[in-house]
Amino acid sequence: MSEPAADDFASRVLDVVESIPAGMVMTYGDVAAAIGSRAPRAVGQVMARFGSEVAWWRVIRSSGLPAAGHEARAIELLTADGTPLTTGADGAVRVDLAAARVR
DNA sequence: ACGGTGACTAACC
DNA sequence: CGGTTAGCCACCG
């Protein structure tokens, strides 16, 4: 079955993402570390499959940029959550990790 | 069982 | 600061 088990890696990732409060974000590496893993890539795989069920836009890259291919969409949701953003001169918007990163 | 792939990261130049 | 290289783990066919 495609339904994940309670102890499945994917469920842990989704659980961490759901635990991210509005207005703050976590990097893929932070989410992986939160579940005791070192695979930010595997976290991205889970997001690509089940991300639609969680606040995927609160999970960004270490660069402060949102998920690749969903940047514009993420910025809208981040703005709605009141996430501190920094706009570049060329219009590139990124999250202020120093202020929004969960600690 | 095996190899390729991916919503990544850190290190290096 | 930006492009490139290598490392990394989990999932799919």
Side-chain angles (χ1 to χ4, degrees):
Chain A
M1 299 183 294
S2 304
E3 296 297 317
D7 285 332
D8 203 54
F9 179 85
S11 292
R12 296 189 186 187
V13 174
L14 297 174
D15 185 48
V16 173
V17 177
E18 287 278 32
S19 69
I20 306 175
M24 299 217 279
V25 298
M26 285 182 73
T27 68
Y28 291 92
D30 285 351
V31 176
I35 66 178
S37 182
R38 306 291 182 252
R41 303 207 57 134
V43 175
Q45 286 286 21
V46 175
M47 299 300 299
R49 296 179 51 69
F50 305 96
S52 51
E53 301 207 19
V54 296
W56 58 266
W57 60 90
R58 291 179 192 159
V59 184
I60 62 173
R61 307 182 242 178
S62 62
S63 313
L65 288 170
H70 298 274
E71 302 162 7
R73 182 66 176 140
I75 296 300
E76 286 185 82
L77 295 162
L78 288 167
T79 304
D81 284 348
T83 307
L85 305 174
T86 59
T87 308
D90 57 350
V93 183
R94 68 177 212 166
V95 178
D96 184 352
L97 286 172
R101 200 178 193 186
V102 178
R103 36 190 161 117

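Proteins come first, then strands; the chains are lettered A, B, ... in the order of their sequence lines, and each starts at number 1.
With sequence neighbours left out, A/Arg101 forms a salt bridge (charged side-chain N to carboxylate O under 4.0 Å, His left out) with A/Asp30.
Using a distance-only test at 3.5 Å, with no hydrogens or angles considered, a donor-acceptor pair links the side chain of A/Thr86 to the main chain of A/Arg94.
Remark: DNA chain C takes part in the stems B:2-6 with C:9-13, B:8-13 with C:2-7, each of 3 or more antiparallel Watson-Crick or G-U pairs, criterion distances under 3.5 Å.
Between A/Met47 and A/Val54, the closest heavy-atom pair is CE-CG2, 4.1 Å. When all heavy atoms of A/Thr83 and A/Met24 are compared, the closest pair comes out as OG1-N, 4.3 Å.
Between A/Ile75 atom CD1 and A/Trp57 atom CH2 the span is 13.0 Å, to the nearest 0.5 Å. Taking CD from A/Glu18 and CD from A/Glu53, the interatomic distance works out to 9.0 Å, rounded to the nearest 0.5 Å. With rounding to the nearest 0.5 Å, the separation of CZ in A/Phe9 from CG in A/Leu14 is 10.0 Å.
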Contact list (N/O, under 3.5 angstrom) for nucleotides 6-13 of chain C vs protein:
from, atom 1, to, atom 2, distance (Å)
C/dC12, OP1, A/Arg49, NH2, 3.1

Distance-only donor-acceptor hits, side chain of residues 62-74 of chain A, under 3.5 Å, sequence neighbours excluded:
from, atom 1, to, atom 2, distance (Å)
A/Glu71, OE2, A/Arg61, NH2, 3.1

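Residue A/Val25 is tested with A/Asp96, A/Ile20, A/Leu78, A/Val59 for a side-chain contact (heavy atoms from CB on, under 4.5 Å); the sole match is A/Leu78.
Within residues 51-69 of chain A, the residues that have a heavy atom under 4.0 Å from DNA chain B are, in order of number, A/Trp56, A/Arg61, A/Ser62, A/Ala67, A/Ala68.
Sequence neighbours left out, not one pair with a member in residues 76-95 of chain A passes ring-ring contact (aromatic ring centres under 6.0 Å, His included).
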